Amino acid sequence: MTANNLQAVDSSSIVPAYIYDQIADALADKGYCIFDSLLPGEITETLYQYVSSLSASDYHAAGIGRQQQFHLNHTIRNDETLWLEEENATDNIYLKWMTNLRSEINQRLYLGLFKYEAHYAHYEAGAFYQRHIDAFKGKSNRVLTTLLYLNPDWKEEDGGELLLYSSSEESTNEVVERVLPTYGKFLVFLSDQFPHEVLKANRDRYSIAGWFHVNS
Ligand code: OGA
Ligand code: MN
């Protein structure tokens, strides 16, 4: 299916309401949730075809922070990223889906999620992203992190796991989830609660990382 005819799909009718209830309940209870697959298969497939068609020169070396705060630090991360743009038909499908997710979550949790930004990330063999937190309390308006993985046939030996550490201050070194970046897997977690890292990938690894912000 092409990007253009997918835009006609009303994503709100595809995912049943109870799934959004599950997301909201999980966020309220433990601060994160993980689905082996959540987005409609055609959307995942379209995004996968798109990342597969990109070449290395389409991406930029990933930095820490955005705009004024942006700086490169290859000892912390050495993936490459490409921001999604509304004007791009494929990006738009994902961004629309996230707009819908935002309103479903806002209706249930009153988080006041406002805008959303996301980038494709490509980790070449050998790439990693050291332990970090996406938002520091009071220092950022990032509230929720989303991750979608686009790696068919990803196996244990391919590495590249996402380690999610405990949100409690007494046990932040405890790994609460070890996530293989398998095709279609989707995560949401509270951005200021969960330190996480990407272990060294042993082959090309693709993800879309995104953040819902509050208006500040
Ligand atoms: C990030 C991040 C994890 C991943 O970009 O902040 O933590 O699995 N990405 O791509
Ligand atoms: Mn992160």
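A quick note: this is a predicted structure, and the numbers were derived from the prediction, not measured. Atoms within each ligand, like the ligands themselves, are counted from 1 in listed order.
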For this session: On the 0 to 90° scale, with breaks at 30° and 60°, tag the Trp97-Phe186 ring pair as parallel, tilted or perpendicular.
Result: perpendicular
Problem set entry | Mode of Phe194 contact toward ligand 1 - side chain, backbone, both, neither (heavy atoms, under 4.0 Å) | neither
Exercise. At under 4.0 Å between heavy atoms, which part of Lys185 makes contact with ligand 1: side chain, backbone, both or neither?
Worked result: neither
For this session: Using non-hydrogen atoms of the residue, decide whether Glu197 is closer than 4.0 angstrom to ligand 1.
Result: no
Exercise. Which residue supplies the protein heavy atom nearest to atom 8 (O) of ligand 1, what is that atom called, and how far is it?
Worked result: Tyr149 OH, 2.6 Å
Problem set entry | Atoms of ligand 1 close to Ala209 [distance to a heavy atom under 4.0 angstrom, numbered from 1] | 5 (O)
Exercise. Where on Ser207 is there a heavy atom closer than 4.0 Å to ligand 1, on the side chain, on the backbone, on both, or on neither?
Worked result: side chain
Exercise. Can a salt bridge be assigned to the pair Asp192 and Arg142 using a cut-off of 4.0 Å between side-chain N and carboxylate O?
Worked result: no
Seminar exercise, completed: The atom name of the N, O or S atom in Asp134 nearest to the Mn ion (ligand 2) is OD1
Exercise. Do any heavy atoms of Tyr120 fall under 4.0 Å from ligand 1?
Worked result: no
For this session: On the 0 to 90° scale, with breaks at 30° and 60°, tag the Trp83-Trp211 ring pair as parallel, tilted or perpendicular.
Result: tilted
Problem set entry | ligand 1 atoms in contact with Arg77 (distance to a heavy atom under 4.0 Å) | 5 (O)
Problem set entry | Numbered atoms and elements of ligand 1 in range of Arg205, under 4.0 angstrom, heavy atoms | 4 (C), 8 (O), 10 (O)
For this session: Any atoms of ligand 1 less than 4.0 Å from a non-hydrogen atom of Tyr129? List them with their elements.
Result: 1 (C), 2 (C), 5 (O), 6 (O)
Exercise. Could you go step by step and tell me if Tyr149 and Leu162 meet the side-chain contact (heavy atoms from CB on, under 4.5 Å) rule?
Worked result: CA-CA 11 Å; Tyr149 293 112; Leu162 176 85; 3.7 Å; yes
For this session: Please lay out, stage by stage, how Asn88 and Tyr50 fare under the test side chain to side chain donor-acceptor pair (under 3.5 Å).
Result: CA-CA 11 Å; Asn88 173 299; Tyr50 183 68; 3.0 Å; yes
Exercise. Which atoms from ligand 1 have a heavy atom of Val198 less than 4.0 Å away?
Worked result: 3 (C), 4 (C), 8 (O)
Exercise. Would His122 and Asp204 count as having a side-chain donor-acceptor pair, cut-off 3.5 Å?
Worked result: yes
Exercise. Is a side-chain donor or acceptor of Trp154 paired with a backbone partner of Gly159 at a separation under 3.5 angstrom?
Worked result: yes
For this session: Would you mind telling me if ligand 1 is within reach of the side chain of Thr81, the backbone, both or neither, using heavy atoms under 4.0 Å?
Result: neither
Exercise. Quick one: which ligand 1 atoms are inside 4.0 Å of a heavy atom on His132?
Worked result: 1 (C), 2 (C), 6 (O), 7 (O)
Exercise. Taking the N/O/S atoms of His196 one by one, which is nearest to the Mn ion (ligand 2)?
Worked result: NE2
Exercise. Under a 4.0 Å heavy-atom limit, does Asp79 contact ligand 1 with its side chain, its backbone, both, or neither?
Worked result: neither
Exercise. Can you list the steps and then say if Tyr94 with Leu39 is a side-chain contact (heavy atoms from CB on, under 4.5 Å)?
Worked result: CA-CA 9 Å; Tyr94 191 69; Leu39 275 78; 3.7 Å; yes
Problem set entry | Side-chain donor/acceptor of Asn78 to backbone N/O of Phe128, under 3.5 Å | yes
Exercise. Taking atom types as modelled and ignoring hydrogens, do the side chains of Asp134 and His132 form a donor-acceptor contact shorter than 3.5 angstrom?
Worked result: yes
